[in-house]
Protein chains: 2
Amino acid sequence: MSLRHAILVLLQDEEASGYDLAREFANSIGLVWNATHQQIYLELGKLNEQNMVHYRHVPQDGKPDKKLYRITDEGRQELVRWLRRPAAPARVRDAFMVKVAGAALADPETLLGELDQLVQQRKERLANFEAEARKLERQSEGNSRFQHLTLRRGILDQEAWLAWAEEVREVLEDTLSHQH
Amino acid sequence: MSLRHAILVLLQDEEASGYDLAREFANSIGLVWNATHQQIYLELGKLNEQNMVHYRHVPQDGKPDKKLYRITDEGRQELVRWLRRPAAPARVRDAFMVKVAGAALADPETLLGELDQLVQQRKERLANFEAEARKLERQSEGNSRFQHLTLRRGILDQEAWLAWAEEVREVLEDTLSHQH
DNA sequence: ACTGCTTATACAACGGATTGCGCAGGCACA
DNA sequence: TGTGCCTGCGCAATCCGTTGTATAAGCAGT
């Protein structure tokens, strides 16, 4: 149950709306902890009830009104407490990997197609992370070092995945050529 | 909802008990899809009702009796159908990574301690995967190539994580020395 | 004109997942 | 003799997460 803590971490340096947070979860932090907007709005509601965050209503024209959330002292205290406790073990759900493990029964061509799509996605992500990392390297404040580490994790992860994908491709192509 | 498919993949080459599967989920496949024994027993019950798997009761002495599960033709068909459909996007929940992102508020020493423990775990995992991979390389049947790829993923992943951990250590130690 | 994307928030229902508990015997170690 | 760990199976409650649906307005492309 630490979606709340991920939200608090994001609110640590900036005031943000639920929508802003949802976008961040879709990009940078998403690699590490994913959440949809429904989850986020719900959690923000709970955090507000518990005085961990406060918001101010901001009317906009052209666009719908929004609520800009900010972390409170109580929220910051909760975050510090959580940081002291040992982290829960990481959980993963990667269906594509399960497929590769069971690929003996699969059609290699279909899998190769899916692999190509994923390679495409990962390459785009890698480029994004690298661009973000370069931005951060220029402005080095106290907090940006840790944001940079998160990006480095993303970069190393994409690179490792892409290297692995090449090994998968070789095996699948070999399987294909032996079928005919 | 593809815990069922992960189970079917594991049962593809071997007859196994719920306990056996739980161990595999804790080790090899666990990197990619995790599940606890409660989930596994529940799912095996459902799969059995739907004739995707069958089991035979095996009495043991010294140890409790067990049920050895085997995949059925219907189960294999379901697996093939699933392999054809595009995989659901991967989901991650890595609390430690969230911590690093929010480390500006954390106590660097506590985090370093946790990092050391995780490095230890990852190194052990890496050694296990490498040993398993060497075993598989000797006996190269049709199916073992895909199992080998799963292990390769595990190996590359641990290596990338360990490289990243060194970067984290540097930053944390630097933060520490500037505090005093 | 129509379709679809973007900004913005939110409820309801269902199913999946985690946590807690319980049983049961054997083996090893102190 | 007690404690803890390994082998094995399972139920119940609750919590988390996903999917579907709703509203509302603007802007871009076909």
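Reminder, nothing fancy here: chain letters follow the sequence lines and each chain counts from 1.
Ionic pairing of B:D94 and A:R91 is not present here: no N-O contact between side-chain nitrogen and carboxylate oxygen is shorter than 4.0 angstrom. Salt bridge present: A:R169 and A:E166 bring a charged side-chain N and a carboxylate O closer than 4.0 Å. Contact check on B:K135 versus B:E132 returns a salt bridge, with a Lys/Arg side-chain nitrogen under 4.0 Å from an Asp/Glu carboxylate oxygen. Under a 4.0 Å N-O distance rule, the pair A:R153/B:E167 does not qualify as a salt bridge.
The side chain of B:L3 sits closest to C:dA17 out of C:dT18, C:dT9, C:dA17. Side chain of B:T36, nearest nucleotide from C:dT19, C:dT7, D:dG8: C:dT19.
Looking at which nucleotide of DNA chain D each of B:D65 and B:R93 is closest to, the 5′-most match is held by B:D65. Place A:H37 and A:G62 on DNA chain D by their nearest nucleotides, and A:H37 ends up nearer the 5' end.
As rounded to whole Å, 14 Å separates atom P of C:dC11 from atom CD of A:E43. Here C:dA8 presents its P atom at 13 Å from CZ of A:R56, a figure rounded to the nearest Å. For B:K63 and D:dC6, the NZ to P distance is 13 Å, given to the nearest whole Å. To the nearest angstrom, C1' of D:dC15 lies 13 Å from CZ of A:R4. Residue A:D20 contributes atom CG, which lies 7 Å from atom P of C:dA8 at whole-angstrom precision. As a whole-Å value, the separation of A:K66 NZ from D:dA25 P is 18 Å. Between A:L42 atom CG and D:dT18 atom C1' the separation is 12 Å, expressed in whole Å. If you measure from atom CD of B:Q60 to atom P of D:dC6, you get 17 Å, rounded to the nearest angstrom.
The side chain of B:Q38 contributes no N or O atom lying less than 4.0 Å from OP1 or OP2 of C:dT18. Contact between the side-chain N/O atoms of B:Y41 and the OP1/OP2 oxygens of D:dC9 is found at a separation under 4.0 Å. Between B:Q39 and the phosphate of C:dT18, there is a side-chain N or O to OP1/OP2 separation shorter than 4.0 Å.
Using bins of under 30°, 30° to 60° and over 60° for the plane-to-plane angle, the ring pair B:Y55/B:Y69 lands in the tilted bin.
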